[in-house]
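See structure below.
From a predicted model like this one, the values you see are computed outputs, not experimental measurements.
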Amino acid sequence: MHKTLDDFKNHFPDAWAAYENLRNTCDHDGPLDKKTVELIKVGIAAAQEHEGSLVSHVSQAQKAGASPEEIYHAVLQATGIAGFTVTLHGMRTAKTYIEQ
C-alpha cells in the first residue's frame, strides 16, 4: 500500500494536498479529542474491512493514548453495522499489530 500511496502522491500532488487538508479539517473541526477521533476511525476501518487503514488508525490511536482495551472496544463497534465475522477479522488485525 505504501508504494501505491507514494505513487499517488507523486502523480497527483494537488489532489493529495486537498485530501490531507480535508482529512485534517474533519479531525479538528469539532469537540472530539485526538484519541476519540482515532478510535472512531478504528471502528470505521474495521467495519469496512480496510486492513491498511485499520493498522494505521490502531497505530494513531495508540500514539494518542488509547489502550489495547479501548482499541478492541472500538473494533467491537463494527459488529452491529458490519457483522460478527467482520469484527473477528478486525480483532485479529488489531491484535496482530498491537502485539508486535
Side-chain angles (χ1 to χ4, degrees):
M1 182 61 144
H2 294 291
K3 176 156 179 21
T4 302
L5 181 57
D6 289 342
D7 288 346
F8 182 89
K9 289 178 186 180
N10 289 330
H11 285 94
F12 307 105
D14 292 340
W16 176 251
Y19 169 74
E20 278 194 311
N21 185 48
L22 174 61
R23 185 185 61 199
N24 290 333
T25 299
C26 292
D27 285 355
H28 302 293
D29 198 18
L32 298 177
D33 62 22
K34 178 72 172 161
K35 180 173 90 170
T36 302
V37 167
E38 289 303 328
L39 289 170
I40 289 168
K41 290 178 181 184
V42 164
I44 292 168
Q48 293 188 331
E49 297 184 90
H50 289 180
E51 192 166 330
S53 293
L54 180 55
V55 169
S56 175
H57 292 295
V58 165
S59 173
Q60 293 302 312
Q62 286 180 311
K63 289 176 186 173
S67 68
E69 291 78 18
E70 290 171 314
I71 292 167
Y72 296 142
H73 193 200
V75 172
L76 181 64
Q77 301 314 302
T79 305
I81 295 167
F84 188 64
T85 56
V86 168
T87 301
L88 290 179
H89 181 265
M91 288 288 187
R92 182 183 67 217
T93 300
K95 186 174 183 181
T96 298
Y97 180 82
I98 288 170
E99 293 181 356
Q100 285 183 358

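- In this structure, Val75 and Ala94 approach most closely via the heavy-atom pair CG2-CB, 4.3 Å.
- Side-chain N or O atoms of Asp29 include none that pairs as donor or acceptor with a backbone N or O of Thr25 at under 3.5 Å.
- Looking at heavy atoms from C-beta onward, Arg92 lies out of side-chain contact with Lys95 at the 4.5 angstrom threshold.
- Note: Asn21 CG to Trp16 CH2 = 12.0 Å, rounded to the nearest 0.5 Å.
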**Request:** Verify side-chain contact (heavy atoms from CB on, under 4.5 Å) between Glu51 and His89, making sure each step is shown before the conclusion.
**Result:** CA-CA 9 Å; Glu51 192 166 330; His89 181 265; 3.7 Å; yes

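- Atom CZ of Phe8 is separated from atom OH of Tyr19 by 9.5 Å, given to the nearest 0.5 angstrom.
- Interatomic distance, Thr36 OG1 to Glu70 CD, rounded to the nearest 0.5 Å: 8.5 Å.
- Residues Leu76 and Tyr72 are members of one and the same hydrophobic cluster, defined by side-chain heavy-atom contacts under 4.5 angstrom among Ile, Leu, Val, Met, Phe, Trp and Tyr.
- Side chains of Pro13 and Lys9 form no contact here, defined as non-hydrogen atoms less than 4.5 Å apart.
- Nearest heavy atom pair, residue Ile98 against residue Gln62, reads CG1-NE2, 3.7 Å.
- A salt bridge links Lys3 to Asp7: at least one charged side-chain nitrogen sits closer than 4.0 Å to a carboxylate oxygen.
- With values rounded to the nearest 0.5 angstrom, Leu54 atom CG is found 9.5 Å from Ile71 atom CD1.
- In terms of heavy atoms, Val86 sits closest to Ala47 at CG1-O, 3.8 Å.
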**Asked** When you look at Arg23 and Lys41, which way does the side-chain contact (heavy atoms from CB on, under 4.5 Å) test go after all the steps?
**Response** CA-CA 11 Å; Arg23 185 185 61 199; Lys41 290 178 181 184; 4.2 Å; yes

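- His73 and Gln77 share a side-chain donor-acceptor pair at under 3.5 Å.
- Under the 4.0 Å criterion applied to side-chain N and carboxylate O atoms, Glu38 and Lys35 are not assigned as salt-bridge partners.
- Looking only at side-chain heavy atoms (C-beta outward), Val55 and Thr96 stay at 4.5 Å or farther from each other.
- Between Ile44 atom CD1 and Leu39 atom CG the span is 11.0 Å, to the nearest 0.5 Å.
- With rounding to the nearest 0.5 angstrom, the CG atom of Asp27 is 11.5 Å from the CG atom of Asp33.
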**Request:** Mind running side-chain contact (heavy atoms from CB on, under 4.5 Å) on Leu32 and Ile40 for me, showing each step along the way?
**Result:** CA-CA 10 Å; Leu32 298 177; Ile40 289 168; 3.7 Å; yes

